[in-house]
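Here is the structure we will look at.
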Protein chains: 2
Amino acid sequence: MTDPDPMLPLLWRGLVDQPAAAPKRGPKQKVSVDEVVDAGVEVADTEGLAALSMRGLAQRLGLGAMSLYTYVPGRDELVVLMVDQVLGRGDRPTLPADVRRRLELVAETALADYLAHPWLLEVAGLRAWLGPHAADRYEWQLTAVDGLGLGDVEMDQTVALLDGIAATTARAVQEVRAAERRSGLTELQWWEANADALGEAMAGRDYPLAGRVGQAAGELYQAATDPDRQFRFGLARIVDGLLVHLDREKSR
Amino acid sequence: MTDPDPMLPLLWRGLVDQPAAAPKRGPKQKVSVDEVVDAGVEVADTEGLAALSMRGLAQRLGLGAMSLYTYVPGRDELVVLMVDQVLGRGDRPTLPADVRRRLELVAETALADYLAHPWLLEVAGLRAWLGPHAADRYEWQLTAVDGLGLGDVEMDQTVALLDGIAATTARAVQEVRAAERRSGLTELQWWEANADALGEAMAGRDYPLAGRVGQAAGELYQAATDPDRQFRFGLARIVDGLLVHLDREKSR
DNA sequence: TTCATCCTCGTACAACGTACGGAATTGGAG
DNA sequence: CTCCAATTCCGTACGTTGTACGAGGATGAA
């Protein structure tokens with residue numbers, strides 16, 4: 001009915017449209033789409049997604065700003081290509097037999113992806129775009145939860161759940177880093193510098209639990225949050241819950 | 001040692017610094033910080049966070065653009081204030097006795113917050129800033145997981161886990177909406193329009209599981225994703241896991 | 001009445017994505 | 001060999017953004 005999405009040929013470039021893909025007339029391109037995307041990934045990895053500008057990227061590639069638009073329709077589309085590109089770079093370990101380790105591995109692998117490329121968390125619509133590497137990754141995630149007794153739909157939901165806690169954890173890590181960059185203080189330093197002001201602000205208000213829990217957490221974490229501990233706790237609960245679910249289904 | 005954070009007095013405005021807070025000389029302010037923040041929330045709720053510009057907001061308030069900076073240090077800081085503001089608006093239901101319902105309620109309440117104000121998900125330092133309403137909310141969340149036999153630190157981690165799945169779910173909802181806005185097509189329409197192109201692109205590649213699971217999920221969801229079902233499945237597994245954990249701890 | 005203090009806001013600047021159109025380059029057709 | 005259509009490259013320009021700066025006006029204490 002409607003036009004096909006122009007992003008699909010770009011995402012699957014080189015794997016589709018082999019016939020009549022290259023233009024026959026006109027000058028050669030100075031670089032390639034892959035080089036553009038890789039350069040974008042490098043900028044985003046080192047300076048953050050916000051620092052990725054079309055002008056800057058063009059300069060890095062020895063191009064005029066507007067030349068980029070012959071490779072990529074626009075900045076948003078470039079980012080989509082970057083996402084698929086880095087999803088193909090992560091390790092995809094061979095799967096152990098132990099079910100618990102298998103499930104944990106899905107989350108741990110996703111976490112490694114997000115920590116290696118934190119800007120993935122800033123781009124919305126991750127699941128919406130199906131590029132070749134995203135598809136490979138999804139396929140790998142599904143194999144990890146295959147043969148456990150889950151239904152097809154539940155396999156999808158399980159992968160989403162495990163990927164979700166990885167993303168949440170990576171976000172927590174990223175928030176701490178961002179806060180430290182902004183204030184120039186480590187988390188601990190910030191709390192020390194602002195403990196008085198905060199205590200004064202909260203005076204007259206009752207936070208019995210938050211006060212107690214915050215203190216206990218602060219002493220253990222030596223910070224306000226501890227993403228790593230949160231990940232391990234949350235993942236343990238999720239896997240426990242999944243195993244319970246598997247047992248229940250099996251004995252039906 | 002270092003200077004206290006200038007955001008704290010702003011976040012806790014009206015609750016601290018009652019003496020000598022108002023300036024004595026000079027003209028009165030045309031509006032109030034609360035009006036500015038509320039107007040910002042209104043814009044973000046209806047048009048999205050990206051549509052919130054200082055100029056636009058000032059005009060809406062009958063102010064010159066630069067006058068906003070006498071109320072708020074900058075756009076980022078305004079957003080922080082907006083976050084705390086809306087966190088004080090959500091329902092905080094009375095807690096049922098049943099443990100499962102209690103845990104579910106924490107996640108469901110958080111989900112309602114995120115769905116009502118999707119731009120919360122775009123704010124990077126959501127958890128970093130402790131304003132009065134964020135503190136109230138955290139205290140309420142802790143009361144929901146209090147008295148279940150969890151340790152102090154585990155209470156914090158449990159709340160984070162439940163809040164996390166709510167955020168993940170709300171993000172999934174938001175991503176679907178964003179994709180539909182961008183393409184002008186509903187998810188189903190997009191898949192119909194692009195099924196051929198995708199099939200051609202993926203030809204020659206093997207996605208046995210993704211193909212099977214995708215089809216099963218698509219038929220059930222009538223879409224590529226179903227955030228609501230994912231939420232219910234994930235939450236059920238998490239609560240199962242938490243209950244298992246509580247049992248184990250109790251019998252030690 | 002004077003003056004320090006605070007608010008208001010016009011102007012200006014740098015940076016952004018990108019629309020537009022001309023110049024340059026290429027390969028196939030005649 | 002010539003010519004032309006196709007394609008890439010890129011300088012210029014527009015609109016939009018956050019906000020630095022400083023002039024002007026309003027206010028209340030001295």
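Chain naming here is simple, since letters A, B, ... match the order of the sequence lines and numbering starts at 1 in each.
- If you take CD of B/Gln29 and P of C/dT5, they are 18 Å apart, rounded to a whole angstrom.
- Listed by first and then second residue, the salt bridge (Lys or Arg N to Asp or Glu O under 4.0 Å) pairs involving residues 53-80 of chain B are B/Glu42-B/Arg60, B/Glu47-B/Arg60 (not counting sequence neighbours).
- Just one of B/Thr70, B/Leu57, B/Val41 meets the side-chain contact (heavy atoms from CB on, under 4.5 Å) condition when paired with B/Val36; it is B/Leu57.
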**Message:** If you apply the rule side-chain contact (heavy atoms from CB on, under 4.5 Å), what do you find for A/Asp5 with B/Leu185, and how did you get there?
**Reply:** CA-CA 11 Å; A/Asp5 199 304; B/Leu185 269 52; over 6 Å; no

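- The stretch residues 35-43 of chain B has no heavy atom under 4.0 Å from DNA chain C, so no residue of it qualifies as close.
- A salt bridge links B/Arg89 with B/Asp38: the distance from a Lys NZ or Arg NE/NH1/NH2 to an Asp or Glu carboxylate oxygen falls below 4.0 Å.
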**Asked** Does the salt bridge (charged side-chain N to carboxylate O under 4.0 Å, His left out) test come out yes or no for A/Asp136 and A/Arg92, once each step is laid out?
**Response** CA-CA 10 Å; A/Asp136 287 348; A/Arg92 228 64 52 85; 5.8 Å; no

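- In this view, A/Tyr71 satisfies the side-chain hydrogen bond (donor to acceptor under 3.5 Å, both in side chains) rule with no residue, not counting sequence neighbours.
- A donor-acceptor pair under 3.5 Å is formed between the side chain of A/Glu139 and the backbone N or O of B/Leu209.
- Looking only at atom types and distance, the side chain of B/Asp45 has a donor-acceptor partner in the side chain of B/Trp119 under 3.5 Å away.
- Defined by atom type and a distance below 3.5 Å, a donor-acceptor pair is present between the side-chain atoms of A/Asp163 and A/Tyr114.
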I'd like a table of atom pairs between the protein and nucleotides 24-30 of chain D - only N or O on both sides, under 3.5 Å - with the distance next to each one.
from, atom 1, to, atom 2, distance (Å)
D/dT27, O2, B/Gly26, N, 3.4
D/dA29, O4', B/Arg25, NH1, 3.4

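- Checking side-chain atoms of A/Gln59 against main-chain N and O of A/Gly56 turns up no donor-acceptor pair under 3.5 Å.
- At least one side-chain heavy atom of B/Leu81 sits less than 4.5 Å from a side-chain heavy atom of B/Met7.
- Listed by residue number, A/Leu52, A/Ser53, A/Met54, A/Arg55 are the residues of residues 50-61 of chain A with a heavy-atom contact under 4.0 Å to DNA chain C.
- No side-chain heavy atom of B/Val80 sits less than 4.5 Å from a side-chain heavy atom of B/Val123.
- Against DNA chain D, the stretch residues 63-80 of chain B makes heavy-atom approaches under 4.0 Å through B/Met66, B/Tyr69, B/Gly74, B/Arg75.
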